[in-house]
Structures are given as structure tokens and as C-alpha cells.
Amino acid sequence: MVMLYLYAIIDSGEPFWFTEQICSRKIFNLTAGDLGLAVSRADGRESELRPENILAHNAVMEQLMERFSVLPVRYGTLLNQESTGQELIQQHGDQFRWQLHRLRGKVEMGVKVLWNINKVQSELLDSEISRDLILQQLGSSFPGHRYLRRKYLEQAPEMHSLQLAKQVASGLHKPLALKSVAAVQELLRTPNLMLSGAYLLTRESVGAFREELERLRKCYPDYRFLLSGPWPPYHFVKITCLVGSE
Amino acid sequence: MAGIFNTMAEYKDVTLLEVLDHVLDKGVVIKGEVIISVADVDLIYVGLQLLVASPDKVFPALYHAPD
């Protein structure tokens, strides 16, 4: 069965095609009025989570971004036939147009900040939590109180890490968010991944954003920084569409 | 992508993970009986000697502070 692998919704109703270089997929525009669906013919294997498929998907998105405003579609989405794509645009075209208008000329930059969690938690002895624990030890010897102190001690490293992450992230995320149209952050996705941030920028402000990050990097020499992008606005498109019945 | 990398292999591993982190489970979600989607999956990348799973499993969110 020949299906269509869907990469993105774009703001163009003009036909085009190009060949992506990693898996040699022929990408074309399935048009409906002023909108288009960037697709390639597929047999289902394109959705498998393999490195070449993932990188091919990303390569297509990068090429599309150079020419169009894009609404990136979740990886692995297959349409069973062309008429499904037409139906998708008919049913949700207004929402797509509004989002494309909102995101026109904008890209996403990703920032990840890593720290050494073992070093952070070894600093527990100097922290406020540690001082609280010492004060508690001077107190009651009731079994209930001892149980609570023990539970507090078990949770203290995580509490300390989160407290410090909030403090440091505030110093990093806020200035970057000020350089952005929109921003989201997530703390401690893994113990060593202190901050994961996504920032929506105009293309013209990417340079200033990089400079700001470089300035911040020098202020936090004990942390490692990973800057990625420009990406399509993955974190800033939240649309769920139903086509046909679920 | 800019950062501090020790080896080229590390750079490639980070590149793939960064792409995964962006494309998987993000973007427009389209549902319907005529749509076939990849559900959240676990995957072992034997070639890269990495264990990669859906980000929700690899990176459990302990805290989220949207702006």
C-alpha cells in the first residue's frame, strides 16, 4: 500500500519537489488552495525509529524552513491517501493559517545546560537544608520526629538540587527569554540536565541570542552549554487535528 | 550546534539525540482512522551503542515551568 509520509504543513499552494539527500526521498507539495502538505510517498518503513529515518526527517524540515513557514508534524505521521491530506486542510485550514501567520519568520533555538549532580549534592553540607537538618537533630527524640527527620534526610539531596536548579535557571532562562518572542523551560529532566530551554525567535534576532548565551556561558564556568538550532517551532505548535473518525 | 565536545563520535551522538528530542512527540498531532502514527516507542540503537527511548521515559520531567 502506498501511503504519504507527512513532514509539515506549509504556507504555499505552489507545486514543488526536491530530493532529500540521506534516504533519497522525493519530497513534494500536496496543495490545497494557499496551503500545502510537504509529503513523500511511503510504505510505512519511513516511520520506523532508525537513525537514517530520523535524520532524513530532520533534513527535510531544514530544507523546508529555508523556503517556507512550517508547522512541523509529529514524526512518523502517515496519510493513507492524497484525499486524506485534502480533507485535513479543508477541515483545519483556518487553524493552520493562523498558526503559520503567528510563526512566520520565526525559528526555535534550543539550550541545554548540564551540571555535575554529584558535585552539586556534595555541596549539601553547606546548604540551608543541611543547616535545617542539624537544627532538627537537636530536637525531639520522639519516634515520629525521628521518622520525619529520616525522610527529610532522604529527600534532602533532591530538594537541594531542585532549589539550586531553580536559582541557576532563573539567572540563565530569564535573560534568554527576554531575547525571545516566547520561551519554555524544563528543569532536571535528568539529574545532570539542569535546564532544557526552547526559545522562539525571529530569524533576525538569532545572532543577538547567541551573543547573550555566550555572555551567560562566561558567567557560569562550572556548567556545560549546548546550543542547537535553528529548528522549526516544535515546542510552540500545539495543534491536535482529527481527520475522519478516531 | 555549538557546545563542548570531546570527540567527533560524541558530537554525532548528541546530534541524533538532539534531533530526536525535537521531532519525537512534538509538533502537529493528527489523529484519525485514516492516519497511521508511530506511538511512543522504546528503541535500542545498537549501532550507536545508545539506549534511546521516548523522551518521556529517558528524560522524566521532574519539574516544568512554562512561561
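Fair warning: this is a prediction, and the values are worked out from it, not measured in the lab. We name chains A, B, ... by the order of the sequence lines, and we start the count at 1 in each one. Only heavy atoms go into these numbers, but all of them, side chains included; no hydrogens, no water, no symmetry mates.
Contact check for A:Q99 versus B:V28: no side-chain heavy atoms found under the 4.5 Å cut-off.
With a 4.5 Å cut-off on non-hydrogen atoms, A:L114 does not touch chain B at all. Looking at A:I9, the atoms closer than 4.5 Å to chain B (heavy atoms on both sides) all sit in the side chain, from C-beta outward.
Enclosure of atom CZ in A:R215 by more than 12 non-hydrogen atoms of other residues, nucleotides or ligands within 6.0 angstrom is indicated.
Put simply, of A:F236, A:F96, A:Y234, the one with the most heavy-atom pairs under 4.5 Å next to chain B is A:Y234.
Between B:H22 and A:H235, the angle of the ring planes goes over 60°, which puts this pair in the perpendicular group of the 30/60° scheme.
Atom CG of B:D21 and atom NZ of A:K112 lie 4.0 Å apart (nearest 0.5 Å).
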